Amino acid sequence: MSLETRIRRKSLHDRIVTPEEAAALIKDGMTIGMSGFTKAGDAKAVPLAMAQRAAKEKFRITLMTGASLGHDIDKMLTEAGVLARRLPFQSDRVLRAAINRGEVMFIDQHLSETVEQLRSGQISPIDYAVVEAVAITEDGGIVPSTSVGNSASFAILARKVIVELNLSHSPELEGLHDIYIPAKRPSRTPIPVVACDSRVGSPYIPIEPDKIAAIVITEKQDSTARISPPDAETISIAGHLIGFLQDEVRKGRLDMTLNPLQAGIGVIANSVLSGLADSPFHDLRMYSEVLQDSTFELFEAGKLSFASAASMTLSSTWADRVFRNIRAYKDKVILRPQEVSNHPEIIRRLGVIGINTALEFDIYGNVNSTHVGGTDMMNGIGGSGDFARNAFLSIFVAKSVAKGGAISSVVPMVSHVDHTEHDVDILVTEHGLADLRGLAPRERAPVIIRNCCHPAYRELLADYFKRAVATRAGQTPHILEEAFDWHVRRLKTGSMLTGA
């Protein structure tokens with residue numbers, strides 16, 4: 001396909017530049033918004049040129065994205081000293097270490113919140129947006145690639161836009177997107193998404209053509225996800241959850257099509273969704289952030305009828321299968337801005353069943369999704385909070401132990417709280433499921449300990465709870481001088497087990 005077909009506004013052809021020329025537009029102290037959501041649709045050439053330039057000319061920026069980036073972009077920018085501030089999500093090991101050393105200031109935000117603060121001027125405005133695209137329309141509209149994320153709002157709100165036109169993406173992606181931008185508050189009208197397949201916006205990002213400062217031609221494909229196959233524990237978690245959902249049908253709370261499903265990124269959530277392929281449920285729908293391998297497994301199994309999200313992040317096997325045949329999915333998939341895919345109003349309206357992963361949870365149902373040992377950032381809260389607080393069912397899944405059993409995922413008190421007990425309905429590990437709905441804290445603890453805890457830690461937790469009730473009482477009994485003993489013991493000995 002010719003560039004004339006990809007850049008359909010002829011006056012923009014003279015804005016094609018090298019990645020180095022585009023990167024030179026970005027100056028010290030600027031705030032930059034880049035496309036990219038869980039490794040999908042990220043800018044690829046310009047950030048690399050920025051990192052290379054920083055070896056000769058030191059500069060630092062604030063970088064906003066949709067979520068995590070691929071191609072080691074965060075790693076390169078961190079090592080080059082380019083990142084002063086980063087938001088709202090990341091998953092890179094090198095950047096994570098820099099954040100935990102205090103070298104990069106990381107603002108961990110709900111994924112629906114970033115552009116709301118941008119739009120209202122609560123955080124620094126964007127100088128340049130760097131957005132990957134598959135085409136530019138006759139009117140100068142930007143057609144995104146494999147994600148929308150925050151790209152649309154970044155492009156609309158930025159002073160200037162750099163477009164990375166990626167020729168490796170199929171032009172058939174055009175028409176997959178639904179770009180709807182909520183109006184400013186307080187006069188905003190309801191977002192008119194009333195079903196997963198509601199199309200309420202345009203297939204491209206509408207901006208004034210004069211805002212496009214540079215166009216860079218690339219041909220690098222997205223980084224693919226490394227998704228491990230389901231193991232015994234994740235298969236067991238899926239089994240517990242499927243059994244619970246079947247029971248909800250028997251009780252008349254759901255039907256066999258369930259409510260729209262959301263699943264967070266990662267191995268456990270992906271495996272749980274994969275388990276639905278062999279379940280009796282049918283005509284399922286998704287209203288989520290990310291479409292992973294499991295989404296297309298469910299399509300192929302005839303279980304899923306429609307999926308709405310902000311990005312598609314696939315393994316190499318599934319990326320090849322899906323993107324070679326993307327036309328077959330264009331009437332089954334929508335990619336939206338993440339402020340719409342994660343919008344509390346829509347999540348609650350649709351009655352989404354939210355399935356997200358916990359690092360740990362405590363005996364009363366508080367969930368830690370982000371901090372190891374209460375101090376060190378892992379990746380970020382992502383969209384789990386958007387869904388947890390507003391879901392029809394807020395479900396958190398985790399393996400009961402980590403590091404070969406040295407760490408229990410069920411603890412007396414979480415070392416950091418991302419989701420309070422008020423936002424958590426169901427907890428699931430490979431050992432069982434705890435339904436917390438309608439239970440007071442004193443009733444929750446025995447259910448969580450009995451159903452979710454690993455046997456090696458069950459008696460320890462039961463003893464703690466028993467002594468807390470006997471000696472401290474209260475609505476939520478805790479022995480404060482012991483509540484974090486398990487975390488302290490792990491720091492000192494490497495294990496939460498006594499005598500390890």
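Nothing here was measured: the structure is a model prediction, and the numbers come from that model. If you read the sequence from its start, that first residue is 1, and numbering goes on from there.
Of the possible donor and acceptor atoms, none in the side chain of H416 sits under 3.5 Å from a partner among the backbone N and O of G373. At least one donor-acceptor pair closer than 3.5 Å links the side chain of D178 to the backbone N or O of V200. In this structure, the side chain of S400 does not engage the main chain of T429 through any donor-acceptor pair within 3.5 Å. Judged by distance alone, with hydrogens and angles left aside, the side-chain atoms of E174 form no donor-acceptor pair with the main-chain N or O of V143 at under 3.5 Å. A donor-acceptor pair under 3.5 Å is absent between the side-chain atoms of S91 and the main chain of N379, judged by distance alone. D247 places no side-chain N or O within donor-acceptor distance of the main-chain N or O of G243, the cut-off being under 3.5 Å. Counting only distance, with no hydrogens or angles, the side chain of T78 and the backbone of D74 share a donor-acceptor pair below 3.5 Å.
In this structure, I363 and R444 have side chains that are not in contact, with every pair of non-hydrogen atoms separated by 4.5 Å or more. The shortest distance between side-chain heavy atoms of V148 and F37 does not fall below 4.5 Å. Using a 4.5 Å heavy-atom threshold, the side chains of N368 and T370 count as touching. Proximity of L176 to M312: side-chain heavy atoms (C-beta onward) are separated by under 4.5 Å at one or more points. The side-chain heavy atoms of M496 and V411, taken from C-beta on, include a pair separated by under 4.5 Å. Put simply, the side chain of P280 reaches to within 4.5 Å of the side chain of M256, judged on heavy atoms. Taking the side chain as every heavy atom from C-beta outward, P171 and R6 approach each other to under 4.5 Å. The shortest distance between side-chain heavy atoms of L427 and V367 falls below 4.5 Å.
Taking both residues in full, the closest heavy atoms of S147 and A40 are given as OG-O, 2.8 Å, listed atom of the first, atom of the second, then distance. Contact detail for R327 and E172: the closest heavy-atom pair is NH2-OE2, 2.5 Å. Across every non-hydrogen atom of S288 and Q262, the tightest pair is OG-CG, 3.5 Å. Heavy atoms only, all atoms of each residue included: T114 and N150 are closest at CB-ND2, 4.1 Å. When every heavy atom of R86 is checked against every heavy atom of T65, the shortest pair comes out as NH1-OG1, 2.9 Å. Nearest approach of I205 to A155, heavy atoms of both residues: CG2-CB, 4.0 Å.
Sorted by first and then second residue, the ring-ring contact (aromatic ring centres under 6.0 Å, His included) pairs with a member in residues 382-411 read F396-H419; sequence neighbours excluded. Listed by first then second residue, pairs satisfying side-chain hydrogen bond (donor to acceptor under 3.5 Å, both in side chains) with a partner in residues 303-313 read T38-S311, T38-T313, S308-R336, not counting sequence neighbours. Screening residues 416-429 for salt bridge (charged side-chain N to carboxylate O under 4.0 Å, His left out), with sequence neighbours left out, gives R389-D423.
Residues passing the ring-ring contact (aromatic ring centres under 6.0 Å, His included) test with H110, sequence neighbours excluded: none. Shown here are the salt bridge (Lys or Arg N to Asp or Glu O under 4.0 Å) partners of E339, two or more places apart in sequence or in another chain: R119. For E132, the salt bridge (Lys or Arg N to Asp or Glu O under 4.0 Å) partners at least two apart in sequence or on another chain are K44. Partners of H454 by ring-ring contact (aromatic ring centres under 6.0 Å, His included), not counting sequence neighbours, listed by chain and number: H431. The ring-ring contact (aromatic ring centres under 6.0 Å, His included) search around F89 returns none, not counting sequence neighbours. In terms of the salt bridge (Lys or Arg N to Asp or Glu O under 4.0 Å) criterion, residue partners of R321 (sequence neighbours excluded) are, by chain and number, E300. Residues meeting the side-chain contact (heavy atoms from CB on, under 4.5 Å) test with Q117, sequence neighbours left out: Q109, E113, Q122, I123. Partners of Y457 by ring-ring contact (aromatic ring centres under 6.0 Å, His included), not counting sequence neighbours, listed by chain and number: W486. Qualifying salt bridge (Lys or Arg N to Asp or Glu O under 4.0 Å) partners for K403, counting only residues two or more places apart in sequence or in other chains: none.
At a threshold of 4.0 Å, the pair E360-R490 does not count as salt-bridged, since none of the basic side-chain nitrogens sits closer than that to a carboxylate oxygen. Between K399 and D231 a salt bridge is recorded (basic side-chain N to carboxylate O distance below 4.0 Å).
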*side-chain hydrogen bond (donor to acceptor under 3.5 Å, both in side chains) between T5 and S2, worked out*: CA-CA 5 Å; T5 307; S2 66; 3.0 Å; yes

*Please report the C-alpha distance between S112 and H343 in whole Å, then the side-chain angles of each, then the deciding distance to 0.1 Å, and finally whether the side-chain hydrogen bond (donor to acceptor under 3.5 Å, both in side chains) criterion is met.*
CA-CA 6 Å; S112 66; H343 201 284; over 6 Å; no

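A donor-acceptor contact under 3.5 angstrom links the side chains of S274 and E297, judged on distance only. Counting only N and O atoms by type, the side chains of T146 and D222 include a donor and acceptor under 3.5 Å apart.
Checked against S198 for a side chain to side chain contact (heavy atoms under 4.5 Å, CB included), the options I346, V193, L350 give a single hit: V193. Checking each of D331, V333, I334 against F306 for a side chain to side chain contact (heavy atoms under 4.5 Å, CB included) leaves exactly one that passes, namely I334.
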